[in-house]
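Whatever order the structure lists ligands and atoms in, that order sets their numbers, starting from 1.
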Amino acid sequence: MPSTMPKGLIFDIRRYSVHDGPGIRTTVFFKGCPLRCSWCHNPEGISPEQQQITRTRTVDGRKRAYQETVGKWFSPVEVLDILLKDRVFYEESGGGVTFSGGEPLMQPEFLNEMLLLCKKEGLHTAIDTSGHATGQIFNRTVKNTKMLLYDLKTTDNKIHKSFTGQDNYLALKNLLSLDETGPAVIIRIPVIPGFNSELAGMEDLCNLLAGLKARVQRVDLLPWHGMGHEKYRNLGMAPPPFQGNGSDDEYLVSLIDLFAKGGFNVKKGG
Ligand code: SF4
């Protein structure tokens with residue numbers, strides 16, 4: 001009998017990850033994202049289709065270029081088999097599984113199947129999301145996860161649209177719809193020079209989060225580190241337009257201070 005299980009297009013599965021939620025985790029990277037953030041560190045996750053990327057390897061002391069396909073279709077059970085290999089590490093470290101991307105909410109049937117399978121196995125789950133999905137998909141999915149890593153960018157819709165290609169309406173509406181029955185939330189704010197590195201804009205984000213304080217476990221500030229240009233080139237894409245980095249110490253200290261005064265547990269980095 002043919003399987004009716006949805007398949008998911010995945011571009012990476014990273015074991016022993018320590019930056020995508022609590023403890024030691026396996027992170028599953030979904031391919032496809034509705035946003036086009038100019039600073040995206042995972043440009044291979046943006047297209048919802050398989051792609052060719054140019055890689056190099058050294059053969060007999062000489063570098064050779066070759067083509068590789070990015071994105072592979074998996075059934076939920078195939079992914080679960082990989083996740084279960086590290087159960088002992090999750091249990092010892094208070095870790096689990098993180099679904100990232102790309103945007104996991106773009107493949108809602110596969111994602112929800114994965115969340116239910118993980119729940120049955122007693123695995124802690126987190127979803128790393130921009131929140132850009134319909135309310136119906138968002139509400140159905142958040143019921144099935146323990147944690148959200150919610151990427152928040154700016155409250156200014158005009159700036160948001162010009163740097164990501166999408167309005168921020170869905171992301172803000174879904175975030176504000178979370179109540180005390182929902183999953184724990186870690187807010188992740190990329191700090192990008194020339195995009196949201198103005199203190200006034202960060203104050204607006206801090207004020208927006210005030211109503212959600214009970215659900216927000218922590219605010220992570222993620223300074224732009226200017227990496228990933230090579231990936232863009234290898235995919236035939238234009239590289240990010242930003243120069244420098246967002247980790248200017250003085251500015252980051254002022255941001256940490258801002259969110260700490262707002263009553264948040266705040267941390268630099270993921
Ligand atoms: S939301 Fe994340 S994955 Fe999607 S384009 Fe932006 S940075 Fe990249």
Side-chain angles (χ1 to χ4, degrees), residues 8-14 17 19-21 25 27-51 53 70-71 98-108 110-111 126-134 137-138 141-142 145 147-175 185-197 201 205 219-242 245-247 269-270:
L9 187 60
I10 303 300
F11 71 88
D12 198 6
I13 298 179
R14 213 170 285 161
S17 163
H19 296 294
D20 296 320
R25 311 188 72 81
T27 305
V28 181
F29 291 86
F30 284 46
K31 194 149 161 50
C33 183
L35 273 58
R36 300 282 179 275
C37 304
S38 309
W39 57 84
C40 184
H41 291 151
N42 291 327
E44 71 274 43
I46 294 178
S47 165
E49 290 167 0
Q50 288 178 318
Q51 274 174 297
I53 188 167
V70 182
T98 299
F99 299 104
S100 182
E103 173 54 70
L105 293 173
M106 255 188 97
Q107 299 186 60
F110 179 74
L111 175 61
I127 305 173
D128 182 8
T129 179
S130 70
H132 188 91
T134 65
I137 288 175
F138 184 79
T141 308
V142 296
T145 189
M147 178 173 272
L148 290 177
L149 308 175
Y150 209 108
D151 303 331
L152 195 56
K153 299 163 178 72
T154 173
T155 59
D156 187 316
N157 188 46
K158 208 168 150 200
I159 296 177
H160 192 275
K161 190 157 188 176
S162 68
F163 282 88
T164 72
Q166 295 284 358
D167 290 328
N168 60 4
Y169 171 73
L170 285 175
L172 299 186
K173 182 169 164 276
N174 285 331
L175 177 66
V185 180
I186 292 179
I187 298 290
R188 302 176 120 185
I189 303 176
V191 183
I192 317 286
F195 168 64
N196 64 358
S197 56
L205 283 178
V219 173
D220 289 347
L221 299 169
L222 310 174
W224 157 256
H225 53 59
M227 284 158 62
H229 282 66
E230 197 180 336
K231 276 195 213 172
Y232 278 83
R233 270 195 301 276
N234 293 342
L235 285 161
M237 296 166 71
F242 305 105
N245 63 62
S247 59

State, yes or no, whether a side-chain contact exists between Lys231 and Asn42 at a heavy-atom distance under 4.5 Å.
yes

Is the closest side-chain heavy-atom distance between Leu172 and Leu152 below 4.5 Å?
yes

Could you check whether atom 2 (Fe) of ligand 1 has a protein contact, counting only heavy atoms that fall below 4.0 angstrom?
no

Indicate the ring-plane relationship of His41 and Trp224, choosing parallel, tilted or perpendicular according to the 30° and 60° boundaries.
parallel

Report the relative orientation of the aromatic rings in Phe138 and Tyr150; use parallel for angles under 30°, tilted for 30 to 60°, perpendicular for over 60°.
perpendicular

For atom 4 (Fe) of ligand 1, state how many protein N, O or S atoms fall inside a distance shorter than 2.8 Å.
1

side-chain contact (heavy atoms from CB on, under 4.5 Å) between Leu175 and Ile187, worked out:
CA-CA 10 Å; Leu175 177 66; Ile187 298 290; 3.9 Å; yes

Ion pair Asp20/Arg14, N-O distance below 4.0 Å
no

